[in-house]
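Quick notes on the structure that follows.
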Amino acid sequence: MLLKPGEMIPVDGRVIAGQSTVNQASITGESVPVDKVVGDEVFAGSLNGNGVLTLRVETPPESSLIQRVIRLVEQAQTEKPPSQQFVERFERIYARVIVVVGILLATLPPFCLGWDWRTTIYRALIFLVVASPCALVASIMPVLLSGMDNGARHGILYKNGAQLEAIGRVKAIAFDKTGTLTTGDIKVVNVLPAAGYTTDEVLALAASLENFSEHPIGEAIVKAAKEKNLTLELATQVQVKAGQGIIGQVAGNKVVVGKAEFLPCPLPSQTSISVREGCTTVWAAQENQVLGSITLTDTIRPEAKDLVANLQRQGIEHIVMLTGDAQEVGARVAQELGIKEVYAELLPEDKLKVIRKLQEQYNQVAMVGDGINDAPALAIADVGIALGGTSTDVALETADLILMTNKLDKLPHAIQQGQRANRTIVQNIALALSFIGLLLVANFLGNLNLPGGVIGHEGSTLMVTLSGLRLLK
Ligand code: ADP
Ligand code: MG
């Protein structure tokens with residue numbers, strides 16, 4: 001089995017060629033990636049890093065996959081959103097207070113308020129019923145579960161309920177460019193060889209290496225080479241440098257494909273190879289010699305056009321674009337989409353830094369991305385969002401929320417649902433607390449009997465639950 005960079009390892013296996021680091025956190029809980037060389041075992045459900053690995057599968061896949069599913073289910077069951085955790089902590093203290101107050105109410109009034117024993121015990125019983133915090137505890141989960149269900153029907157997959165709350169509070173969103181705001185359906189439009197090489201040589205060498213790439217640019221180069229029926233060599237020792245390019249051995253030579261800064265040698269003067277304006281350009285080099293440039297175009301996602309305006313209408317104050325591509329290419333796409341702020345030529349760790357900076361200013365920040373190079377930013381953002389379908393496995397694994405339709409047009413819906421969920425939770429808690437308060441006062445004044453207390457208490461619990469179910473619609 002050939003494993004590309006950033007891919008999830010689908011079955012247990014043993015490395016028979018290549019070298020990489022593998023994140024085994026989903027198996028071992030250890031988040032530091034482990035080095036894997038020939039002879040090492042790798043496990044299903046772990047994530048490949050930047051190297052290309054060839055594996056031999058030695059066990060039937062069911063045995064390992066099942067383990068992982070069990071683990072995921074267990075994890076989902078133990079994860080509770082912060083608001084629910086808070087309410088449950090509150091409830092634990094509250095319940096004790098109620099028991100103590102109940103005992104006091106059942107014993108003291110005959111002495112200090114002159115009530116008879118029958119009334120005292122009766123009211124203490126009603127107190128225990130109406131003061132119990134069922135409605136309070138039921139204020140949150142029905143809202144979040146309904147919201148997640150609604151999301152699922154619109155192709156929005158939340159990894160847990162907390163993400164629904166978090167996306168409702170988001171004030172700033174960062175978008176990756178390639179593959180996120182653009183379709184990632186990239187095409188090679190031009191190949192310019194340096195003196196002494198032919199177009200086909202450049203394309204074939206680059207494609208031999210990119211054959212192992214998971215990046216849309218790599219796929220485009222391979223497609224272009226195949227369309228011309230070029231013969232590809234088998235590259236070895238392939239390593240991907242996320243956000244920069246790819247490097248490896250082709251026919252005994254060290255070959256590099258990537259952005260200009262990633263080349264081991266300086267570019268030739270602009271006269272021999274020119275850069276086409278507004279298009280992504282990557283360079284190929286062999287043993288410290290520039291072979292030529294490959295120019296690619298990408299199409300902006302049609303649904304991205306109204307996105308910025310829609311998000312601003314929803315109260316998103318700040319929208320930025322983060323890209324590993326050149327400034328001018330990023331600026332052109334941003335201008336077309338109405339995005340005012342562009343951070344270009346970013347490495348994965350730079351994307352993460354921009355998110356941190358946005359978090360200082362806006363508190364709740366979402367990041368939308370698809371690539372290996374977006375994973376750190378997706379992880380640190382309050383809500384990491386990936387597109388199902390085209391995103392790499394690392395991005396899907398890291399993200400908190402996945403747009404399964406592989407389109408951006410559901411993003412405003414997710415934000416709207418989140419905002420609605422937060423509003424409903426606040427309403428529910430207010431409703432629950434006022435019901436409890438009202439019933440307590442009525443009971444103390446002697447205006448409540450036990451059936452009335454039960455109806456009021458169960459009624460309010462039902463009311464908040466039903467109110468939560470509104471999010472299904
Ligand atoms: P974005 O952040 O917009 O998704 P990337 O960070 O994935 O873009 O890529 C940034 C730049 O790095 C690309 O414009 C390209 O120059 C270079 N690059 C990345 N991966 C590759 C690859 N596999 N082959 C060639 N160039 C690459
Ligand atoms: Mg990308």
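The basis for the numbers below is simple: all heavy atoms, side chains too, and nothing from hydrogens, waters or symmetry mates. Counting convention: from 1, in listed order, for ligands and their atoms alike.
Taking a cut-off of under 4.0 Å to the non-hydrogen atoms of Val282, the atoms of ligand 1 that pass are 15 (C), 16 (O), 25 (C), 26 (N). Applying the 4.0 Å criterion to heavy atoms of Ser213 picks out, from ligand 1, the atoms 23 (N). Atoms of ligand 1 found under 4.0 Å from any heavy atom of Asp325 (numbered from 1 in listed order, with element): 10 (C), 14 (O). Atoms of ligand 1 found under 4.0 Å from any heavy atom of Thr280 (numbered from 1 in listed order, with element): 14 (O).
Checked by distance only, ligand 1 and Leu346 stay at 3.5 Å or farther apart across all their nitrogen or oxygen atoms. For Gly324, a nitrogen or oxygen atom sits less than 3.5 Å from a nitrogen or oxygen atom of ligand 1, counting backbone and side chain alike. Considering backbone and side-chain atoms alike, Thr323 places an N or O below 3.5 Å from some N or O of ligand 1.
Closest protein heavy atom to atom 6 (O) of ligand 1: Asn373 ND2, 2.4 Å. The shortest contact between atom 13 (C) of ligand 1 and any protein heavy atom is with Ile217 CD1, 3.6 Å. With hydrogens left out, the protein atom closest to atom 1 (P) of ligand 1 is Asp176 OD1, 3.1 Å, a heavy atom. The protein heavy-atom contact nearest to atom 27 (C) of ligand 1 is Gly245 CA, 3.6 Å. For atom 12 (O) of ligand 1, the closest heavy atom belonging to the protein is Gly243 O, 3.1 Å. Protein heavy atom in closest approach to atom 7 (O) of ligand 1: His215 NE2, 2.4 Å. Remark: minimum distance from atom 18 (N) of ligand 1 to any protein heavy atom is reached at Gln244 O, 3.4 Å.
Evaluated for a side chain to side chain donor-acceptor pair (under 3.5 Å) with Asp370, the options Thr180, Thr392, Asn406 yield exactly one hit, Thr180.
For Lys340, the NZ atom sits in a loose shell: 12 or fewer heavy atoms of surrounding residues, nucleotides or ligands are nearer than 6.0 Å.
Contact annotation for Thr178 and ligand 1: heavy atoms of both the backbone and the side chain come within less than 4.0 Å of the ligand. Only side-chain heavy atoms of Glu210 come within less than 4.0 Å of ligand 1; its backbone N, CA, C and O stay farther off.
The Mg ion (ligand 2) lies at 2.8 Å or more from every N, O or S atom belonging to Thr180. Counting backbone and side-chain atoms alike, Asp370 contributes an N/O/S atom closer than 2.8 Å to the Mg ion (ligand 2).
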For this session: Show your working on salt bridge (charged side-chain N to carboxylate O under 4.0 Å, His left out) between Arg301 and Glu303 and close with a plain yes or no.
Result: CA-CA 5 Å; Arg301 286 175 183 267; Glu303 77 271 18; 3.5 Å; yes
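When side chains are defined from C-beta on, Lys159 does not count as touching Leu401, because their heavy atoms never get closer than 4.5 Å.
Between Lys351 and ligand 1 there is a heavy-atom distance shorter than 4.0 Å. Using a 4.0 Å cutoff on heavy atoms, Gly371 does not count as a contact of ligand 1.
Between Lys351 and Asp176, at least one side-chain nitrogen of the basic residue sits less than 4.0 Å from a carboxylate oxygen of the acidic one, meeting the salt-bridge criterion. At a threshold of 4.0 Å, the pair Arg14-Asp40 does not count as salt-bridged, since none of the basic side-chain nitrogens sits closer than that to a carboxylate oxygen.
Not one N or O on the side chain of Asn253 forms a donor-acceptor pair closer than 3.5 Å with the backbone of Val255.
Nearest N, O or S atom of Asp176 to the Mg ion (ligand 2): atom OD2.
Ring geometry, His413 versus His154: the interplanar angle falls from 30° to 60°, so the pair is classed tilted.
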